[in-house]
Amino acid sequence: MTSIEVAVLGIGRCYWCRRREDCSRFFEDNPFPIVLLKQQSGIRCLDLSASRMKLAVVDEHNSCVVYDLKTKEILFQEPNANSVAWNTLNENMLCFSGDGCLNIKANDFPVHQQKMLGFVVGFSGSRIFCLQSVSMTSVDVPQSASLYRYLEKKMFQDAFDVACLGVTEGDWRALAMEALEHLDLKTSRKAFIRIRDIRYLELIHSIEERQKRGEGNDDLYLADVYAYEGKHQEAARLYKKAGFASRAMDLFSDLRQFDYAKEFMTGSDQTEVKQLIKKQAEWCNTTNDPKAASDMFITAGDYKSAIEIIGGNGWMERLMEVARGLSKAQSEELNLCAHYFKQNGHHSYAADIYTRLNDNKALVELHVDTHHWEEAFGLVEDHPEFTDSVYMPYATWLAENDRFDEAQKAFHRAGRSDEAGKVLEQLLYNALNENRFTDASYYYWILAKQSLDGTTGDEKMSEESRIAKFDEYYAKAEMYYTYQAVQKYTDEPFTSHMPEVLFHIARYLLNLLSKSCPPGISRVKTLYTLAKQSQQLGAYKLARHAYDKLQGLQIPPAFQETVDIGSVTIRSKPFHDKEELLPMCYRCSTTNPLLNSMGNRCINCQQPFVYSFYSFEVLPLVHFVLEDGLRDEQAVELISKDSEAPAAASQDQWQESASGNVQSLRLTDEPESSNQFTAQLMNFEHGSTEYRPVVATRAMLQSMHESEVVVQKWPSPKRWNFYKNIMSDVTVAMDTNSQKIFLAEDYDLLVLQNKLPFTHSSTQLG
């Protein structure tokens, strides 16, 4: 009996049937079957490939036989099979099962086996469908084995087709690299696209472009591939074989393998030799071996790079050796040497180089930049065209180093007499913007002195105008100097001043601000400081006045709460100030109130108070002027004579008097001239607003001790100020630069702290 099995295979009305010993094909519209092939044994299972060009048959002897339907030839056969299935996605791959194993065969390569029970009924991609009893299962099988068999045979397109069925990224990379090494660029590019390797894709694109232009050959392309893979020796040999030995040298140079690079160097090409040495030098420099790098650059003739390394490391002696070996024509290298000499403070070496180059302009700039002014002036004498180039920087340097008198002369010699004032004004502007009030006071002090000596640029000013300008600038210097303490108290968390000092400073400053506030000075902060310290020290009346004034001003938010609380709490305090805080006038012995409408003057005799310019306590000094016809220098000489013979004055302390028939001798503590000075202390009109100073005669001056007289020696045309200390037990001192007077202990403290007012120079006891 003949059994017939029919199955639909493919598209169209085409059917396959197998009898026991043959396989036939028939169509629905054709009643006659077409016999495809016959075999001796019976057929158990068969399957047709996707292209219908190959037929796999499993016979009754458990053999899997594969036929080529076109030639009817047996392509191959495998034993131990009970079912077979072609891969629907790959024409050359099938699988069959038998003896508990799954067999996968690609092309004519050996079979790949793995354990599996059941019958194969389908194979698609890398998934196999198996029938086990009554259940259908799918198995994922790796395609790596088939892929590598194709790679062994250099069948890269077939290997790519297998890889598309499903392999790992490593398998894709192996396919891409193998194809690239055999210059199958198309397959390699597709494989690298799969793994997104941009670097190798760029290499493939470069090779394709060169192939289109007809550049290079296969050895050169393969050398590039080996270089990318890290096979440097193979790449170098191929470069040399292709006639591009320089590329091999560049390859090893980039890898810093200079010994290998030398093997591919042609001895006749000195350019390549120097280039290799330069690369080796650059490598030594990056590996912290600058000495070897500089030597190699010199050997290669790259003096500029060598100079940069030597100069950058500060090897001046070595740099001088290199400079001596350079010719005058190598001006760029010599200028670079001079730059490093100048940068490292070797002025003489740099000057020698500029002299060799006859570059007088650079030589002038060198002297100016290094502040070798004597050499610069000597050069100006021979080359007057550089006058402005020397004296302008010289004047600026003098101004920056607080030598403004000399700076004025330098600016004048440079034809820019107005520049000194502009520089100083700019410094003053910057100091105020940056709240550096101590510096601002110093700059105003300089302006005050310049106003007196007529170096402000306006030489036509009268003496009265110059003195008025001096007084204006000097008053501002005092304001900014005192305001620095107030500003630190309100803006910083700590202050070095005692409450009594802050109290006196704020009161003194407030009297100076009776008319208007200069830029940067805050009346609110001054009143705030005065109110706080007054309340703390018991000057409640003054504190009440300060709080009342604050209420009429715009108070910063940071102070608002404190001011509000203080304004309320001060109402509970007595309406008077402590007596020990009230200043006393040492001329008329009048105790002055803290609230003084006259400012820093006595309300009785109108004499200005003289304050110790640190603690701002009133000093026991009485101001006096000289009688007409007596010059300041003569007065100082008269006072000095007394100190030379103090005993002579004591002999005249007996005074004779006659009254009627009675004659008497009286021993006095002071000479008559001294009594005259004391008598003049009360020579003023009570209630008058005009200040009448004490006028000292020659006799009065001769009776004074030098230790009890303080002289403020102002520059001409301002007259000197003379003061007499009426309390010998109070020692005062004076700073001869700022002409400010202090208590001796205050002065000593400021000297130790280097904080004397209006000056940056050393101080002397006056």
Side-chain angles (χ1 to χ4, degrees), residues 432 435-438 440-441 478-584 591-600 609 611-618 743 746 749-750 753 755 757:
L432 292 178
N435 291 337
R436 293 184 288 108
F437 298 109
T438 301
S441 67
E478 290 180 332
M479 293 180 190
Y480 285 115
Y481 180 78
T482 53
Y483 182 71
Q484 181 75 18
V486 174
Q487 188 263 344
K488 287 186 176 181
Y489 171 73
T490 56
D491 295 356
E492 298 180 4
F494 302 102
T495 179
S496 60
H497 292 89
M498 298 294 292
E500 294 83 358
V501 176
L502 286 172
F503 169 75
H504 291 306
I505 289 176
R507 181 175 167 272
Y508 175 83
L509 180 59
L510 191 61
N511 288 329
L512 293 179
L513 299 177
S514 58
K515 296 182 180 180
S516 61
C517 289
I521 294 181
S522 170
R523 188 185 297 273
V524 172
K525 291 183 179 181
T526 305
L527 285 170
Y528 176 82
T529 304
L530 181 61
K532 292 279 289 183
Q533 303 307 319
S534 298
Q535 189 172 4
Q536 181 178 351
L537 297 175
Y540 302 121
K541 183 178 179 181
L542 182 59
R544 187 189 300 261
H545 172 76
Y547 280 123
D548 291 341
K549 288 288 187 181
L550 283 171
Q551 294 299 331
L553 300 174
Q554 185 176 357
I555 304 174
F559 299 158
Q560 186 66 58
E561 183 178 357
T562 305
V563 172
D564 292 342
I565 294 175
S567 299
V568 174
T569 56
I570 196 62
R571 303 297 175 183
S572 63
K573 303 298 181 182
F575 193 74
H576 62 80
D577 300 323
K578 283 187 178 181
E579 293 185 2
E580 56 267 24
L581 295 176
L582 302 179
M584 187 189 73
T591 300
N592 285 255
L594 294 177
L595 284 173
N596 189 348
S597 60
M598 305 299 297
N600 293 320
F609 293 118
Y611 294 93
S612 174
F613 215 67
Y614 174 75
S615 63
F616 285 85
E617 296 180 7
V618 179
L743 289 171
D746 292 347
L749 178 63
L750 290 176
Q753 295 178 348
K755 293 183 178 179

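This one's a predicted model, so the numbers in the text were calculated from it and none came from an experiment.
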Set out, in order, the CA-CA distance, both residues' side-chain angles and the distance that settles side chain to side chain contact (heavy atoms under 4.5 Å, CB included) for Val486 and Thr482, then state yes or no.
CA-CA 7 Å; Val486 174; Thr482 53; over 6 Å; no
*Residues Thr569, Gln535; criterion side chain to side chain donor-acceptor pair (under 3.5 Å); working and verdict*: CA-CA 10 Å; Thr569 56; Gln535 189 172 4; 3.2 Å; yes
Let me see the working for Arg571 and Arg544 under side chain to side chain contact (heavy atoms under 4.5 Å, CB included), right down to the final yes or no.
CA-CA 8 Å; Arg571 303 297 175 183; Arg544 187 189 300 261; 3.1 Å; yes
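Across all their heavy atoms, Leu594 and Pro583 have their closest contact at CD2-CD, 3.7 Å. Shortest non-hydrogen contact noted between Phe503 and Ser534 is CE1-OG, 3.2 Å. Contact detail for Thr526 and Ser522: the closest heavy-atom pair is OG1-O, 2.9 Å. In terms of heavy-atom proximity, Ser615 sits nearest to Leu743 at OG-CD1, 4.1 Å. Residues Ala539 and Leu581 come closest through the heavy atom pair CB-CD1, 3.8 Å. Nearest heavy atoms, Leu527 versus Ala546: O-CB, 3.8 Å.
Using a 4.5 Å heavy-atom threshold, the side chains of Phe613 and Asp746 count as separate. At least one side-chain heavy atom of Arg507 sits under 4.5 Å from a side-chain heavy atom of Leu530. The closest side-chain heavy-atom distance from Lys532 to Gln536 is not below 4.5 Å. Contact of the Asn511 side chain with the Phe609 side chain is not registered, since no non-hydrogen atoms from C-beta on lie closer than 4.5 Å. Looking at heavy atoms from C-beta onward, Pro518 lies in side-chain contact with Leu513 at the 4.5 angstrom threshold. With contacts defined as side-chain heavy-atom distances shorter than 4.5 Å, the pair Gln487/Tyr483 qualifies. Side-chain contact check for Lys755 versus Tyr614: every heavy-atom pair is 4.5 Å or farther apart. Taking 4.5 Å as the limit, some side-chain heavy atom of Pro519 sits within range of a side-chain heavy atom of Tyr480.
Using a distance-only test at 3.5 Å, with no hydrogens or angles considered, a donor-acceptor pair links the side chain of Asp577 to the main chain of Leu542. Of the possible donor and acceptor atoms, none in the side chain of Tyr489 sits under 3.5 Å from a partner among the backbone N and O of Lys525. Side chain of Gln484 to backbone of Thr438: a donor-acceptor contact under 3.5 angstrom is found.
Between Phe616 and Tyr508, the two ring planes are tilted [angle within 30° to 60°].
For the atom pair CG (Asn596) and CG (Leu510), the distance works out to 11.5 Å, reported to the nearest 0.5 Å. Between the CG atom of Leu553 and the CG atom of Asp548 there is a distance of 11.5 Å, given to the nearest 0.5 Å.
With sequence neighbours excluded, no residue forms a side chain to side chain donor-acceptor pair (under 3.5 Å) with Asn435.
A ring-ring contact (aromatic ring centres under 6.0 Å, His included) check over residues 540-580, counting only residues at least two apart or in different chains, returns the pairs Tyr528-Phe559.
Counted by atom type alone, Gln551 and Ser567 present one or more donor-acceptor pairs between their side chains at under 3.5 Å.
Other residues, nucleotides and ligands contribute over 12 non-hydrogen atoms within 6.0 Å of the CE atom of Met584. Annotation for Glu580: atom CD counts as buried by contact number, over 12 foreign heavy atoms lying within 6.0 Å. Other residues, nucleotides and ligands place no more than 12 heavy atoms under 6.0 Å from the CD atom of Glu561.
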